[in-house]
Peer 1: 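Take this structure first; my questions come after.
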There are 2 protein chains.
Amino acid sequence: MKIQELADKMGLTAHTIRFYEKEGLLDGRHIQREKNNYRNYSDEAIERLKLIKKFQGIGCSLAELKTILQDHDTNTRTNQEVMEWIGQKIDEIERKKAEYDHMLVTLHWMLEYRKALIDDPDKAEAMMAQFRALSAE
Amino acid sequence: MKIQELADKMGLTAHTIRFYEKEGLLDGRHIQREKNNYRNYSDEAIERLKLIKKFQGIGCSLAELKTILQDHDTNTRTNQEVMEWIGQKIDEIERKKAEYDHMLVTLHWMLEYRKALIDDPDKAEAMMAQFRALSAE
DNA sequence: CTAAACTATGAAGTGAACTCTAAGGCAAGC
DNA sequence: GCTTGCCTTAGAGTTCACTTCATAGTTTAG
């Protein structure tokens, strides 16, 4: 399978696949060279790219993926270690979600304040007074 | 107030404050020059930086902030427009939160699968079979 | 046979928000 | 009067995951 064919199959560009290779995410099991120096991809390359996409989908950087794939290839990690790693990832994402929740609290406050400005100036003033009191703490 | 004093007060570095100035987030109302060409910051600069932090806190980029601050300075936007903008921001953040939720679903599945690998190999196999069936769709 | 379409390479560009460097001027403490 | 520690500037470096560019060799369709 040539690079464009693989790219189409996986919804990537040929550039990106070469980039992954340069980053060390693919190796001899996935790529051979033909006599014209064109890359020839095995079916394992498809599985590899699926794995890459899956881990990208759970928020892994390419640097992290490189380590994960190496460990995967060499069977370095115990089940226990993998479970700890997953736990850490979950915590990390929960933290980011909490940040967004905090943003949403602020935004909903802003929206309510703007509504009050139109409908109920007394309420708007009260909200602002309370906000200032909290900020001053 | 000199730059380092302001930086300490606001929990920023002097570099960052100069950077904000270069980006057009601060102007003559906030910065004057002394005869030795040092920057001298007014109290308004503190309010300005607080405003910048607040909007950064709800996920605004500096480019966005530049527009927001200009509108704020010139009173360009109607209440209605501001409310629409807040609504869009809320949607944007809800979308990002949903992405994280999707990551969490995957991660919790991975964790449960690993647990099953240890405690209940039949369950692990069933999970994997079901996963493959879903992937094939 | 030729032109389009594919392949290869290394290097540079993108954007966001800083962060740091180099090279120098001014000020305060000992 | 010397060191330390501010201050100034323009500009380069950082991180991430590509993307684009420039240039050139190979294959294929008409």
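Here is how names work: the chains are called A, B, and so on, in the same order as the sequence lines, proteins then strands, and each is numbered from 1.
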Peer 1: Any salt bridge between B:K89 and B:E92, counting N to O under 4.0 Å?
Peer 2: yes

Peer 1: Of the listed nucleotides (D:dC18, C:dT21, D:dT8), which one gets closest to any side-chain atom of A:T16?
Peer 2: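 Nearest nucleotide to the side chain: D:dC18.
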
Peer 1: Considering only D:dC16, D:dC7, C:dT21, which nucleotide approaches the side chain of B:H15 most closely?
Peer 2: C:dT21

Peer 1: Would you mind reading off the distance between A:Y41 atom OH and C:dC6 atom C1', rounded to a whole angstrom?
Peer 2: 13 Å

Peer 1: Which is true for A:E64 with a 4.0 Å heavy-atom rule: it touches a base, it touches only sugar-phosphate, or it touches nothing?
Peer 2: nothing

Peer 1: Just compare C:dC6, C:dC18, D:dC16 and give me whichever is closest to any side-chain atom of B:Y20.
Peer 2: C:dC18

Peer 1: Output yes when at least one side-chain N/O atom of B:Q4 is less than 4.0 Å from OP1 or OP2 of C:dA27, else no.
Peer 2: no

Peer 1: Please pick, from D:dA17, C:dT7, C:dC18, the nucleotide with the shortest atom-to-atom distance to any side-chain atom of B:L62.
Peer 2: C:dC18

Peer 1: Counting C-beta onward and ignoring hydrogens, is there a side-chain heavy-atom pair between A:M103 and A:Y100 closer than 4.5 Å?
Peer 2: yes

Peer 1: Would you indicate which nucleotide in D:dT27, C:dC18, C:dA16 comes nearest to any side-chain atom of B:Q56?
Peer 2: C:dC18

Peer 1: Out of the candidates B:I31, B:D43, B:L25, B:L26, only one should pair with B:R48 under the side chain to side chain contact (heavy atoms under 4.5 Å, CB included) rule; please name it.
Peer 2: B:L26

Peer 1: Is there side-chain contact between B:T78 and B:E81, with at least one heavy-atom pair below 4.5 Å?
Peer 2: yes

Peer 1: How long is the line joining CZ of B:R33 and C1' of D:dT8, in whole Å?
Peer 2: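 To the nearest whole Å, that distance equals 8 Å.
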
Peer 1: Would you say A:N37 reaches D:dT26's phosphate, i.e. side-chain N/O to OP1/OP2 under 4.0 Å?
Peer 2: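 Checking A:N37 against D:dT26: no side-chain N or O falls below 4.0 Å of OP1 or OP2.
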
Peer 1: For the pair B:N40 (side chain) and B:K2 (backbone), establish whether a donor and an acceptor sit closer than 3.5 Å, ignoring hydrogens and angles.
Peer 2: no

Peer 1: Roughly how many Å is it from CD1 in A:I17 to P in C:dA8, rounded to a whole number?
Peer 2: 10 Å

Peer 1: Whole angstrom is fine here: how far is it from CD in A:Q32 over to P in C:dT7?
Peer 2: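 So the CD-P distance, A:Q32 to C:dT7, works out to 17 Å.
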
Peer 1: Here's a test of your reading of the structure: between B:N36 and B:C60, which maps to the more 5' nucleotide of DNA chain C?
Peer 2: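 Result of the comparison: B:C60.
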
Peer 1: Got a donor-acceptor contact below 3.5 angstrom from the A:Q32 side chain to the A:G28 backbone?
Peer 2: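 Yes, because the side chain of A:Q32 sits within donor-acceptor range (under 3.5 Å) of the backbone of A:G28.
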
Peer 1: Heavy atoms only, 4.0 Å cut-off, all strands: where does B:R39 land among base, sugar-phosphate and nothing?
Peer 2: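 Contact class for B:R39: sugar-phosphate only.
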
Peer 1: Which nucleotide, D:dT19, D:dC16, D:dT8, lies nearest any side-chain atom of B:R18?
Peer 2: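 The closest nucleotide is D:dT8.
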
Peer 1: The side chain of B:Y38 is closest to which nucleotide in this list: C:dC20, D:dT20, D:dC7?
Peer 2: D:dC7

Peer 1: Looking at every strand, decide which applies to B:E34 at a 4.0 Å heavy-atom threshold: base, sugar-phosphate, or nothing.
Peer 2: nothing

Peer 1: Output the rounded distance in Å from CD1 (A:I3) to C1' (D:dT26).
Peer 2: 15 Å

Peer 1: Report the distance from atom CZ of A:F19 to atom P of D:dT15, rounded to the nearest whole Å.
Peer 2: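 Value for this atom pair: 14 Å.
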
Peer 1: What is the separation between atom CG on A:N40 and atom C1' on C:dC6, rounded to the nearest whole Å?
Peer 2: 15 Å

Peer 1: Taking atom C1' of C:dA5 as reference, at what distance in whole Å does atom CD of A:E5 sit?
Peer 2: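 Checked: the CD to C1' distance equals 15 Å.
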
Peer 1: Is any side-chain N or O of B:T13 closer than 4.0 Å to OP1 or OP2 of C:dC18?
Peer 2: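 For C:dC18, OP1/OP2 do not have a side-chain N/O of B:T13 under 4.0 Å.
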
